[in-house]
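Below: the structure, in structure tokens.
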Amino acid sequence: MFVPLTPLRCLHRAVDLFGKKIGVVSGDRQYTYAQFGERCERLATGLAAEGIKTGDRVAYLSFNTNQLLEGYYGVIQAGAIVMPLNVRLSPQELVAILNHSGARVLIFENDFVPLVEKLRPLCPAIERYVTTGDQVPAADLTYEELLDKGHLERAGIFKLDEMSIAELFYTSGSTGTPKGVTLSHRTLYLHALSVGCLFKDLETMVDLHTIPLFHANGWGRPQA
């Protein structure tokens, strides 16, 4: 039997084997692996309820947060492509990336409200602006409202094409304009296995994730 290689299997394994353990700590919030998995599923179905379809790009303007980590699973469960943005880029570079990618949704932290206000009139393809914090005029809805539009539904991985694109990153543009780099489901899964082989004391280890998630897929940590 052919089983597609997808990072969604990493999430399912964590939920099934370690569901009651604390899996994610973000600021003053913490979630068990089971709770984290439920939020990912609600994000996936919430995005679908908002009209996101296979191949659509969902961009994030965010530091390392649980919401961004949830995007690594919820967005791709929806069949879409997760696109974390480099928060250090200039407004002009971000406008170029968002328009080039054709992103339909931008999820952002309220720290970036002044920047988002500049992006809105210059990025006509973006249909929904979602804040991960309290409601602000720059947002169409909050992240928790987006999750409320969803429901619990585990991804059917056998329907996935492991060679399809799961993530899209743009380079920093140090040698020219930023360029899009795509990563497939299969690539992410195999990379997660190689990174996981470096871990020690798996039952008790805690990983302090200091690498920006928007940088090179967080070096494989989001899946491993």
Do the non-hydrogen side-chain atoms of [X] and [Y] ever get within less than 4.5 Å of each other?
{"X": "Leu47", "Y": "Leu146", "result": "yes"}
{"X": "Met83", "Y": "Phe169", "result": "no"}
{"X": "Leu208", "Y": "Thr210", "result": "yes"}
{"X": "Arg221", "Y": "Asp207", "result": "yes"}
{"X": "Cys10", "Y": "Leu8", "result": "no"}
{"X": "Glu38", "Y": "Tyr31", "result": "no"}
{"X": "Glu41", "Y": "Thr45", "result": "no"}
{"X": "Ile76", "Y": "Ile81", "result": "no"}

Does any N or O in the side chain of [X] come within less than 3.5 Å of the main-chain N or O of [Y], such that one atom is a donor and the other an acceptor?
{"X": "Ser101", "Y": "Ile97", "value": "yes"}
{"X": "Gln77", "Y": "Glu153", "value": "yes"}
{"X": "Thr65", "Y": "Leu68", "value": "yes"}
{"X": "Tyr72", "Y": "Asn217", "value": "no"}
{"X": "Glu145", "Y": "Thr142", "value": "yes"}
{"X": "Ser26", "Y": "Arg29", "value": "no"}
{"X": "Glu162", "Y": "Leu5", "value": "yes"}
{"X": "Thr182", "Y": "Ile165", "value": "no"}

- Geometric class of the Tyr73/Phe36 ring pair [parallel <30°, tilted 30-60°, perpendicular >60°]: perpendicular
- Task: Take the angle between the ring planes of Phe108 and Tyr129 and call it parallel below 30°, perpendicular above 60°, tilted in between.
- Result: perpendicular
Does the distance from a Lys or Arg side-chain N to an Asp or Glu carboxylate O, for [X] and [Y], drop under 4.0 Å?
{"X": "Asp16", "Y": "Arg154", "result": "yes"}
{"X": "Arg39", "Y": "Glu144", "result": "yes"}
{"X": "Arg186", "Y": "Asp161", "result": "no"}

- Message: For Pro7, run the side-chain contact (heavy atoms from CB on, under 4.5 Å) check against Glu167, Gln223, His12 and tell me which one passes.
- Response: Gln223
- Task: Mind running side-chain contact (heavy atoms from CB on, under 4.5 Å) on Val87 and Phe214 for me, showing each step along the way?
- Result: CA-CA 8 Å; Val87 300; Phe214 61 73; 3.7 Å; yes
- Message: Please check if the number of heavy atoms outside His100 that lie under 6.0 Å from its NE2 is greater than 12.
- Response: no
- Message: So for atom CZ, which belongs to Arg13, do other residues, nucleotides or ligands contribute more than 12 heavy atoms lying within a distance under 6.0 Å?
- Response: no
- Using side chain to side chain donor-acceptor pair (under 3.5 Å) as the criterion, list what pairs up with Gln135, not counting sequence neighbours. none
Search all heavy atoms of [X] against all heavy atoms of [Y] and return the closest pair with its distance.
{"X": "Tyr33", "Y": "Phe18", "result": "CD1-O, 3.2 Å"}
{"X": "Asn99", "Y": "Pro124", "result": "OD1-CD, 3.8 Å"}
{"X": "Thr132", "Y": "Gln67", "result": "O-NE2, 3.5 Å"}
{"X": "Ala138", "Y": "Glu117", "result": "CB-CG, 4.1 Å"}
{"X": "Gly218", "Y": "His209", "result": "O-CE1, 3.6 Å"}
{"X": "Ala224", "Y": "Phe199", "result": "O-CE1, 3.6 Å"}

- Task: For Val75 and Arg57, run side-chain contact (heavy atoms from CB on, under 4.5 Å): C-alpha distance rounded to whole Å, both residues' side-chain angles, the deciding distance at 0.1 Å, then the answer.
- Result: CA-CA 9 Å; Val75 172; Arg57 272 73 71 199; over 6 Å; no
Taking [Y] as the starting point, is it possible to reach [X] by hopping between hydrophobic residues whose side chains are less than 4.5 Å apart?
{"X": "Leu168", "Y": "Tyr189", "answer": "no"}
{"X": "Leu85", "Y": "Val105", "answer": "no"}
{"X": "Tyr170", "Y": "Val95", "answer": "yes"}
{"X": "Val15", "Y": "Ile157", "answer": "yes"}
{"X": "Leu147", "Y": "Val24", "answer": "yes"}

- Message: Show me the pairs that pass side chain to side chain donor-acceptor pair (under 3.5 Å) and involve residues 102-111, at least two apart or across chains.
- Response: Asp56-Arg104, Ser62-Glu109, Arg104-Glu127, Asn110-Thr131
How long is the gap from [atom1] on [X] to [atom2] on [Y], to the nearest 0.5 Å?
{"X": "Leu119", "Y": "Leu61", "atom1": "CG", "atom2": "CG", "value": "7.0 Å"}
{"X": "Lys179", "Y": "Ser172", "atom1": "NZ", "atom2": "OG", "value": "9.5 Å"}
{"X": "Arg42", "Y": "His151", "atom1": "CZ", "atom2": "NE2", "value": "9.0 Å"}
{"X": "Leu160", "Y": "Arg9", "atom1": "CG", "atom2": "CZ", "value": "11.0 Å"}

- Task: Please check if any side-chain donor atom of Glu70 sits under 3.5 Å from a side-chain acceptor atom of Tyr143, or the reverse.
- Result: yes
- Kindly say whether the aromatic ring centers of Phe63 and Phe112 come within a distance under 6.0 Å. yes
- Can you list the steps and then say if His185 with Leu188 is a side-chain contact (heavy atoms from CB on, under 4.5 Å)? CA-CA 5 Å; His185 285 256; Leu188 293 169; 5.9 Å; no
- Message: Pair Thr32, Lys20 - check side-chain contact (heavy atoms from CB on, under 4.5 Å), show working.
- Response: CA-CA 6 Å; Thr32 64; Lys20 294 182 179 180; 5.7 Å; no
